[in-house]
Structure formats: C-alpha cells, structure tokens
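If you're wondering where the values come from, they're calculated on a predicted model, not measured in any experiment. The chains referred to below are lettered A, B, ... by the order of the sequence lines, with proteins before strands, and numbering in each begins at 1.
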There are 4 protein chains.
Amino acid sequence: MAAGQRRGADTKAEIRRVAIELFTERGYEATSLREIAERLGITKAALYYHYSSKESIVLSIFQAHLDALDELVTWAREQPPSPELRARAVDRMIDLSVGSGMAAMKFAMANQHVVRELHPGKGERESMFGKLTELFDILTGPDAPIEETLRVRSALLSVNIVLMAARGLDASETAITTVARDIAHTLINTKNP
Amino acid sequence: MAAGQRRGADTKAEIRRVAIELFTERGYEATSLREIAERLGITKAALYYHYSSKESIVLSIFQAHLDALDELVTWAREQPPSPELRARAVDRMIDLSVGSGMAAMKFAMANQHVVRELHPGKGERESMFGKLTELFDILTGPDAPIEETLRVRSALLSVNIVLMAARGLDASETAITTVARDIAHTLINTKNP
Amino acid sequence: MAAGQRRGADTKAEIRRVAIELFTERGYEATSLREIAERLGITKAALYYHYSSKESIVLSIFQAHLDALDELVTWAREQPPSPELRARAVDRMIDLSVGSGMAAMKFAMANQHVVRELHPGKGERESMFGKLTELFDILTGPDAPIEETLRVRSALLSVNIVLMAARGLDASETAITTVARDIAHTLINTKNP
Amino acid sequence: MAAGQRRGADTKAEIRRVAIELFTERGYEATSLREIAERLGITKAALYYHYSSKESIVLSIFQAHLDALDELVTWAREQPPSPELRARAVDRMIDLSVGSGMAAMKFAMANQHVVRELHPGKGERESMFGKLTELFDILTGPDAPIEETLRVRSALLSVNIVLMAARGLDASETAITTVARDIAHTLINTKNP
DNA sequence: GATGAATGAGTATTCATTCAT
DNA sequence: TATGAATGAATACTCATTCAT
C-alpha cells in the first residue's frame, strides 16, 4: 500500500545493472522481468515505468556500445587504405571493450540471437552484425583469400575469445585486453605459411 | 484411421536435425517445441514419443560431443607433461569440431547458459565447462602467468572464434579448421613479448 | 520549476471533451486514461486532480442528460393519460438529443453496458435504463399488445436508429432530429395492420 | 493432474455460446477469457487450444452473419433498380436476424467498435460497416435528399431499434421481427411530408 | 508411432489508482 | 495545479508436459 518515490538511488540505472547481469548469466529469454524486479525489490510495473519493454532495457544497455561501433566504422570508412589501418582498427576495436563496453560485449556473446535481431534505428545496416560486417569488409577486400579474411576477422574478435577463455579465472580487465591485443596483432601480422 | 507408423525415415534424427538448426539460429528458449513440430509436420505429442523432454533433445545432440571431449580429457590426463602435449591437445580439440561436432559447437556457442547447466551424468565435473576447465588446467599449471594461461585457453577455443568470424561468409569446414589450427598453433608457440 | 496552473482554459472541460470523443469512438474499456492524458498533453495524475476516477468522468458527461431524462419522466408521470401524451413525450425525448445531449446519446449507444451499470444516485431506479423503462411504462400500460409496446418504445428511441443510420454521412444535427421526429410520429400514429 | 479429452460435448461450440453471451451482456473488453473459461469449467489454456485468440472467437461468431450479409449485398448489386428493390432488400435484411443471426446482431450492437475493427478477410470493404454502406448506397443513390437517405437506412436497421426497445421485455423473436418488418416497410413507403 | 484435448505455471504487458512533493 | 514514481491486480497469450485413445 502507498505508492510514490521510495528509492533515492537512480532506479533506471539499477534496473540496467541487474538486467545486464542476469541476461548475461542466464540468458535473455531465460531471465524474466519478475526475476529482475524481485532482485531489485520493486514490482514488475515499476520496471515498466522506467522502460517500455524488455527489449528496450537491452537497447539501453547496448546503445552506447552500438554508437561507439558506429563511430569506429565511420572512421575506418574514411581512412585511406594503408598497411597500418588494420592495426589501428584492431586497437580501436579492443578499446570498445573497456569499462561498460566489456559488459555489453559479454551480453552480446551470451545472447547472440537477441543481438542479431536488435535493430535500434531504422534499417538493416543498423544492426550490430551489419556494422561489424561493414568493418570486416573495409579491412579485407572481397577478393582476399578466405584464410586471410578469416584471420583478420578473428583478430577483430580477439576480445571475444579471450573473454571465453577467462571464464572462471578472475582475470583483470587489463590482462584480458592485453592478451587480446597481443593475439590480434599476431594474427594480422602472420602470413599464411 | 490407421494412425501410426507413417514416416519411414528416422523421425528421431529428423527431430534432432530441425531442433539443432532452430536452437542454434534462434536460441534454445526462444524455440518452442511447437515450432519444431510444425516444421516437421508432426504434433508436439509426437515429439514426446521420441524424446522425453526438451532438454533430452539437447542432450541427444550433445552426447557424442561430450563423450569425445571426455575421451580427450582422459587422454590428456594420462599424458606425461611434455612440450608437445599442448600442440597435440590443441589438434585433437580442433578435431572435435569436424562433421557433426561442428553443429554441436555452434549450438554451444549460441546457447552458452544452456550448455553450462547441462549435467548429463551426476555431478559438476560432468558438465561441458567442467571438462573444459580440467583440460585447461592440465595444459597450464596453476602457477603459470595469467597471460600464458589465457593464450593457451584461447588456442583451445580457436575454432570458436573462427566460427564467429565466418558468419555470413560461407567458408568451407576445411577452411575454418585450417585457419583455427593455424591460429591455435601460433598462440601456443608465441612467448609473451 | 514552478509547476502548476499552466493551462488557462477549463482543463476539466477539455478532459470531458477528449474523453467522450475517445470513449465513443473506441469504447470505454478500450480507452485508457493514459491515452486521454497523452492526447491532452498532461499526465495521468493530473486527470486525477480533476476527476476522482474513470467512472466519474463518464458520470460528469452523463449527469446533465440523466437529469433531463429525469425531468421528462417526472413530467410524464404527472400528465393525465391523454391521446396526445405520447406525441408530446416523443417530442421531448428527441429534444434531449440536441446540443450536448447528442454526444451523450452517441456515447450511450457505443457503451451500453457501461451505461447500464451507471447508478449515479442510490438504487436501481436511478439508472438510465430504469428511467427509460419507467417512461416506457407510462406510455404503454402493462396490458397493451406487445406489438404496440414495441412500436411506442421504438418511437422513443428513434434518434438512436437515425444516429446509426447517419454514420459516415455527415448529416446535420437538424436533419437527424427532423427525420427522427418524423419516424417517431409515424410510429405512434400507425395502428397494427 | 492428468490431461486428456474429458468433456464429451463440443467444446468449441460451448465456448462460442458462453462467449457470445458474456460479450453481449458485459462487453467484449470487459469480458476476460478467464471468466469465459471459469464459466465453462475449463482452463484458459484450453480456450487457446480451440481458438487462437480472443478475436478469433468473435470472428467465429460473426463469420456466418458476415457471409450472409455479403450474399445480400452481392444480390442487391445485381438487381435492376426497381421500386420493389428496397422492399425486398429490407425483408432480406430482417431475415438475417433470425436464429443465430439475432445473437450476432445483439453482439454487434453492444460492441460496435469491435465490429468496426473486424476485418476478417483482406481489405477495407470486407468489414461489416463497409458492406452495410455498400448496401445503403445501392438503395439510395448519392443525390437522394438526406432525409430520404436517412429513412431508407433506418429501415434497413429497423431490427436494431426494435431490439433495443425489447430489452427487458421478453418479446418473442417473431414479435420482434414482425414489428421490425412493419416499421421498415412503413419507413420506405413514407414520403417526406 | 502418433494424435487430440487438455493443464498448470509461467510470460510480457497494461491499467486504474495513489501519494509525496 | 500538477507530476514522478510507484503499486496490485488484471489481461491476453505461450509453453512444456501429460495421457487416453
């Protein structure tokens, strides 16, 4: 009984925090809004006061990451094709995963099909995978040998693999990105044997 | 009239085929048994004739992969610690992903939390992640520097990253495993700079 | 800062106007207070400053109409039974539907079950249908043949049918009441063939 | 506990029966599927086994009526414009309201906005109001005086008014249609005074 | 080897309403 | 005169599962 503004803290941010945690741990569909609400000690209806849908929570988690990726793609598109472009792109890609980007990254890996269907803006190209693909294509032309293509793409995804490797290991964020950077640079500098 | 034995083909296998496809594309929870049944032109109840639960379908998809991993771990455990152990383990790991193993692999990546909770046998150690962790630990002792640990683990997971890189690219299985092998060996042979 | 007294116009009347419009078009239950508030550019809570409940909005729309009907019934009750009573009652009934009465009428037709449950005063007799029934009974005694009863009642409801007929036709209020009056008088002057 | 086919009777028809009753009495939105299920002694999920949505229940109630109206319109469209066309159309219109048509009619009056949004087939013209309008237009050309138009339309709707008049009166279906027919014919034969 | 009919527990979402500010 | 933040109860709908036939 009795409604009104009870919690002083930023409820919206709290929701995001708990949601990303549960979505990542147990999966998006396997996490119900009831669970999120319960864990926060609020009602489901309160969630809806702050977010208009389950999907909109995900979007709010992802928007910053998506924008950053966008900026990276735009930047890459404008670079003249040079031997160092790959190296710099790879570095910037890894930079996306620091701080809050890391959480977004983990969420994305744990919920690939959700991310795949997440078109925050208007069209197709707006999706995460659309943007990644564009970046891939900028760094390896269409007639590069498949092995090279795969290696360069893998370099850009190096954080992902290290993140998987780090599960259960409590490695610091620094350790993770350091190794990822290392791997990435190794990959783009290796020629096929 | 005369219901029963309609489809001569192996219905059980058909179910598995469709299920793995949908589970991988749209996610385990996001795929309902109704969808699987509809796509096969049978009823939900018929699914239950062949499989006792949704989870048991997943298990049937995974069992072979799990057994193979088990065998690999057992083998590794018995090897004397030698410099080539890592190389041979990495190769065997990649061998797990050929043929039907590849589908299992993809499913696992798309549904990590499902796999994490899948204990076909009795205890904790029986889970996929439990086994992987054991393998990890065999190849890098507990006092290896974190960077080395991460790199070796990443090597063992190289197929995963190449699989992610290959999305939308129609690379052949051979191309994928070749690159994965390449990456893996590069990783275990690189010393920290 | 400085919240409060923003809209000079009569907010209460504005609410009533929008509410009756939406209630009539989309139905009472199908119209949420959120929609009304949004269309007015105010908050739901503001609605509650002006009206104590959703039902009370309806009541405020209806009260005048109900009072007028009340007066008509009281008047009819006191008339000596004469051959012209029906004619005059029918005319007064149609007079109820001019001006703001027309909107109330349309609302009532579109939301019959809401009106049926609307007892602004105390008892049963206070409801719109209770009052109408009383009027019906005054004009046709209990032993009139059913056909006559139906015809007289229909005469009293003639505006309703013309209103239904006029949908999508932009007929003037005058045209509508003229035809209704016409029909009503025809009905009470026709004997069963 | 224990599922399976418990009720011998035609559950689908039972659902329709109870639904139309409640929808008409209390309104479509004001009637929940829970209420319908409870009154039938089944679960909500059982409703969904038989009908795919709340709307589809309404459609199943309405389809026959809609088809009959369609046939009437088609017939009217093909008739040569003759003085008797109106009379015959009006009669056929009233015929639509006998038997199960009467229930559909009552439902339609009590839930006008639901019916208005019910497009069972493809386009706009498929809606109940679209069809009615077409019939209206066939019987009164576009340049008929508004009074005549209203009167003819009212004639076609005569059952509706008598139905409203009959509320609380337990008049037989025959009495209702007889009076409606009477009124209708009176209306189309009256010239403006 | 399969189906038709059902269930119980759950899901995301919406609504009218409240109240401290 | 209003609003921001919340609630409790409901809603339509879906899902994995069951079992008699």
Side-chain angles (χ1 to χ4, degrees), chain A residues 1-8 11-12 29-37 42-57, chain B residues 2-8 11-12 29-37 41-57, chain C residues 2-8 11-12 29-37 42-57, chain D residues 1-8 11-12 29-37 41-57:
Chain A
M1 321 80 185
Q5 57 272 47
R6 224 127 326 140
R7 40 184 50 238
T11 309
K12 215 157 175 160
E29 281 94 353
T31 302
S32 71
L33 295 185
R34 181 181 50 70
E35 284 174 295
I36 295 175
I42 61 175
T43 59
K44 265 185 294 168
L47 289 184
Y48 277 91
Y49 178 76
H50 294 285
Y51 289 99
S52 62
S53 68
K54 196 181 180 185
E55 197 188 335
S56 80
I57 301 181
Chain B
Q5 61 264 51
R6 222 144 306 154
R7 37 183 59 234
T11 308
K12 220 158 170 156
E29 281 93 355
T31 303
S32 70
L33 295 186
R34 181 179 49 70
E35 285 174 293
I36 296 175
I42 61 176
T43 62
K44 264 189 296 171
L47 290 183
Y48 277 88
Y49 178 78
H50 294 285
Y51 287 99
S52 63
S53 69
K54 195 181 181 186
E55 201 187 331
S56 79
I57 301 181
Chain C
Q5 61 263 51
R6 222 145 305 156
R7 36 183 60 230
T11 309
K12 219 159 171 157
E29 281 94 354
T31 303
S32 71
L33 294 186
R34 182 180 49 70
E35 284 174 293
I36 295 175
I42 61 177
T43 61
K44 267 190 293 173
L47 290 182
Y48 278 88
Y49 178 78
H50 294 284
Y51 288 99
S52 63
S53 69
K54 196 181 182 187
E55 200 187 332
S56 79
I57 302 181
Chain D
M1 321 78 191
Q5 56 272 47
R6 224 125 326 141
R7 40 183 51 238
T11 309
K12 214 157 177 161
E29 280 94 353
T31 303
S32 71
L33 294 185
R34 181 183 49 71
E35 284 174 295
I36 296 175
I42 60 175
T43 60
K44 265 185 296 170
L47 289 184
Y48 278 92
Y49 177 75
H50 294 285
Y51 287 99
S52 62
S53 68
K54 197 181 180 186
E55 198 188 334
S56 80
I57 302 182

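The phosphate of E:dA16 has neither OP1 nor OP2 within less than 4.0 Å of any side-chain N or O from C:Arg34. For the OP1/OP2 pair of E:dT11 and a distance below 4.0 Å, the side-chain nitrogens and oxygens of A:Ser32 include at least one atom meeting the criterion.
In terms of heavy atoms, B:Leu33 sits closest to B:Leu47 at O-CD1, 3.5 Å. Listed here is the closest heavy atom pair of D:Glu29 and C:Glu29: CB-CB, 3.5 Å. Residues B:Ala37 and B:Thr43 come closest through the heavy atom pair CB-C, 3.7 Å. Closest heavy-atom contact between B:Tyr51 and B:Ser56: CB-OG, 3.5 Å. The two residues C:Lys54 and C:Thr31 come nearest to each other via the heavy atoms NZ-O, 2.9 Å.
Along DNA chain E, the nucleotide closest to A:Glu29 and the one closest to C:Glu29 are compared, and the more 5′ of them pairs with A:Glu29.
With the end axes of the helix from E:dA2-F:dT21 to E:dT21-F:dA2 each set by five pairs, the angle from one to the other reads 10° at 10° resolution.
Taking only side-chain atoms of C:Thr11, from C-beta outward, the nucleotide of F:dT14, F:dA2, E:dT18 with the closest atom is F:dA2. Taking the side chain of C:Ile42 as heavy atoms from C-beta on, and the options E:dT7, F:dT7, F:dT3, the nearest nucleotide is F:dT3.
Counting to the nearest Å, the C1' atom of E:dT3 and the CG atom of B:Leu33 are 16 Å from each other. Computed from coordinates, the D:Glu35 CD to F:dA9 C1' distance equals 14 Å when rounded to whole Å. We find that NZ of D:Lys44 is positioned 15 Å from P of F:dC15, with the value rounded to whole Å. Taking atom CD1 of B:Ile36 as the reference point, atom P of F:dT14 lies 17 Å away to the nearest angstrom.
The stretch residues 46-57 of chain D comes close to DNA chain E through D:Ala46, D:Tyr49, D:His50, each having a heavy atom under 4.0 Å from the strand.
Residues satisfying the salt bridge (Lys or Arg N to Asp or Glu O under 4.0 Å) criterion with B:Glu35, sequence neighbours excluded, are B:Arg26.
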